[in-house]
Amino acid sequence: MTAFTVALVLVVAAAGLLRWRRPAWYWLAFGVTLAALRVLVRYRSVMDACGLTVPPARWRLSLARATNRPIPEPRPPRIRRLRPTRTGLVLRLKLRPGQDVFDIAAASDRLRHSFSMFGVTSHEVRSGVVEVRMTGYDVLKWVQMPAETETRAMRVPVALREDGSVHYRDYRAIPHALTLGATESGKSVYQRNLVAGLAPLDIALVGIDCKQGVELFPLARRFSALADSPDTAAELLDALVARMADVYRLIRTQQRITVDVPDAEIAADIWDLPDELRPTPVVVLVDEVAELALYATKEEERRRDRIITALVRLAQLGRAAGIYLEICGQRFGSELGKGITMLRAQLTGRTAHRLNDETSANMAFGDIAPDAVLAAIQIPAELRGLAIAGDASGGWHRIRAPHTSLRQAVNLCNRYADRTPDLPELAPFRPTTGTATELVPPAKASPATA
């Protein structure tokens, strides 16, 4: 008996230590079993307490009265499947007649407390079927991406959602996106994860970094074109607009619209073309978009209008030509001038890290998910990398990208440097990767003499 007690104390101590230091290990070792038992045992009483039950059918009441049997109890949603995951539990429910998916969503916080889980989210799989995802610990505190992810053409994993699922950047579904974040909010790490995910793909990366290239030029070996000033950016965007026109002419010549051609073989974008004729997709990363929109002189104003016009054209027409935009910045508001709101309307994907003002949050989510605005401005400063991601459907999630150092991103870009395509129209903007030149640092102020 003494040995059993000692062993039990050691197991409990080990479980407590794991829960404190390694919550993921604790969940896989102990938490998943305890949570599944807790959900199954408490399910009926919890659903009744949360108001997620419906009265029994009339024929059941009539049958009970006719046979002098007890009145049937209210019925909760039927459990179709309970599946454990590496971060929590997935509960698939079949709703009863009269129930709605919003009832489950409204009771998410009460379900979290009742089942002693860290977080509960829900979404409708199909009519009458709801999937409830429960997390057993804070998966965003220390982001650990799964070893295997679902990758396919133009779809890369970039972050982890608060429900434990992987957040993907799918360019076929959401061609253009806007990413905002204040200084030290984790926006650069998110951008590195995006470049790291795109590096192994057969695509062309084009960068515009008006901070003299300090963010993107270390990754230059994987970029087909880079611009480090507004003047170069204007010329580069004009070249991309010209490429877009050439691609559309190619698609037009390959459409072959006749009565004998099936609908599936009529080309409407580059993905309908044969592999040997398909142009290389291009992903354009714009870092600090405000630098492209600011001006102080008439000449700079003309350059600014030229840049914004080119960006709007690429956002409106670039998808079918295989040109996708990633617009990043610390600040994005209507005060940046005409054309900015038109550009924002074409950026379907929205990601906002910690922001310094509510105006930028409204520009990101005000037109698609107003309830996400408050969540975006409430991100604490100490949680770098935490962000709100949404799209034009109105849904939004809390996400956090795994920490990727600049050295790791550089190594990955160097490994896949052989996949960098040479595009003739972008050849003048191909970055040079020779030996670094030694620059003289700015002179320091001399101390004042008495």
Side-chain angles (χ1 to χ4, degrees), residues 101-102 104-106 108-109 119-125 130-133 135 139-140 143 150 154-182 185-191 193-194 197 283 285-286 289 315 319 324-334 340-380 383-402:
V101 62
F102 294 105
I104 305 292
S108 295
D109 203 41
V120 173
T121 59
S122 63
H123 73 277
E124 187 176 19
V125 179
V130 177
E131 189 173 87
V132 180
R133 300 186 67 94
T135 52
V139 298
L140 300 184
V143 178
E150 300 177 4
M154 303 305 297
R155 183 173 183 260
V156 294
V158 292
L160 198 66
R161 292 181 177 178
E162 63 179 340
D163 60 1
S165 60
V166 179
H167 181 71
Y168 293 91
R169 179 69 178 93
D170 191 346
Y171 288 92
R172 298 288 297 274
I174 302 177
H176 312 301
L178 172 66
T179 302
L180 300 178
S185 65
K187 177 171 57 67
S188 297
V189 175
Y190 177 85
Q191 193 177 50
N193 277 277
L194 186 61
V283 176
L285 289 93
V286 180
V289 65
R319 181 203 61 83
Y324 308 98
L325 296 182
E326 285 286 342
I327 307 294
C328 303
Q330 298 181 26
R331 182 77 175 86
F332 197 86
S334 57
I340 288 297
T341 54
M342 184 185 299
L343 175 62
R344 182 204 54 174
Q346 304 297 327
L347 305 177
T348 308
R350 312 285 174 83
T351 302
H353 296 73
R354 178 178 54 84
L355 299 171
N356 292 330
D357 61 301
E358 189 176 350
T359 304
S360 294
N362 279 318
M363 285 293 286
F365 299 113
D367 59 332
I368 59 171
D371 53 339
V373 175
L374 186 60
I377 62 178
Q378 288 182 339
I379 297 176
L383 288 180
R384 296 178 58 186
L386 188 64
I388 307 297
D391 53 51
S393 65
W396 59 276
H397 307 273
R398 286 184 178 87
I399 66 170
R400 195 176 190 185

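All values reported here derive from a predicted model rather than from experimental measurement.
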**Prompt:** Are Glu326 and Thr179 side-chain neighbours, meaning at least one heavy-atom pair lies under 4.5 Å?
**Reply:** yes
**Item:** Value rounded to 0.5 Å, distance of CD1 in Ile327 from CD in Gln346
**Value:** 11.5 Å
**Prompt:** With no hydrogens and no angle check, is any side-chain donor or acceptor of Thr135 less than 3.5 Å from a backbone partner on Gly119?
**Reply:** yes
**Asked** With a 4.5 Å heavy-atom cut-off, do Val373 and Glu358 have their side chains touching?
**Response** yes
**Glu131: which of Val125, Val101, Ile104 passes side chain to side chain contact (heavy atoms under 4.5 Å, CB included)** = Val125
**Prompt:** Between CG of Leu355 and OG of Ser185, what distance do you get to the nearest 0.5 Å?
**Reply:** 7.5 Å
**Prompt:** Given Thr121 and Arg133, is the side chain to side chain donor-acceptor pair (under 3.5 Å) satisfied, shown in steps?
**Reply:** CA-CA 5 Å; Thr121 59; Arg133 300 186 67 94; 5.6 Å; no
**Message:** I want to check something: taking the side chain as every heavy atom from C-beta on, are Leu343 and Leu178 in contact at a cut-off of under 4.5 Å?
**Reply:** no
**Message:** Using every non-hydrogen atom in the two residues, find where Tyr324 and Pro175 come nearest and quote the distance to one decimal.
**Reply:** CB-O, 3.3 Å
**Minimum side-chain heavy-atom gap Arg398-Ile379 below 4.5 Å** = no
**Complete:** Smallest heavy-atom separation, Arg344 atom then Met363 atom, equals CD-O, 2.8 Å
**Complete:** side-chain contact (heavy atoms from CB on, under 4.5 Å) filter on Ile174, not counting sequence neighbours, yields Arg169, Thr348, Asp391
**Prompt:** How many angstroms lie between atom CD of Gln191 and atom SG of Cys328, to the nearest 0.5 angstrom?
**Reply:** 4.5 Å
**Prompt:** For Pro402, which residues count as a side-chain contact (heavy atoms from CB on, under 4.5 Å) partner, sequence neighbours excluded?
**Reply:** Val143, Met145, Asn193
**Request:** Taking ring pair (Phe, Tyr, Trp, His ring centres under 6.0 Å) as the test, write out the residues that go with Tyr190, two or more places apart.
**Result:** His353
**Leu383 vs Arg400 side-chain heavy atoms within contact, under 4.5 Å** = yes
**Exceeds 12 heavy-atom contacts within 6.0 angstrom, atom CZ of Arg319** = no
**Request:** Using side-chain contact (heavy atoms from CB on, under 4.5 Å) as the criterion, list what pairs up with Asn356, not counting sequence neighbours.
**Result:** Ala182, Arg354
**Asked** Which heavy atom of Ala372 sits nearest a heavy atom of Ile388, and at what distance?
**Response** CB-CG2, 4.1 Å
**Message:** His397: which residues meet the side-chain contact (heavy atoms from CB on, under 4.5 Å) condition with it, sequence neighbours left out?
**Reply:** Arg161, Ile399
**Prompt:** With Val158, which of Val166, Thr351, Leu194 fulfils side chain to side chain contact (heavy atoms under 4.5 Å, CB included)?
**Reply:** Leu194
**Item:** ring pair (Phe, Tyr, Trp, His ring centres under 6.0 Å) partners of residues 355-374, not counting sequence neighbours, each pair once
**Value:** none
**Item:** Distance, nearest 0.5 Å, that separates CD of Glu162 from NE2 of His167
**Value:** 12.0 Å
**Message:** Is any side-chain heavy atom of Val286 closer than 4.5 Å to one of Leu325?
**Reply:** no
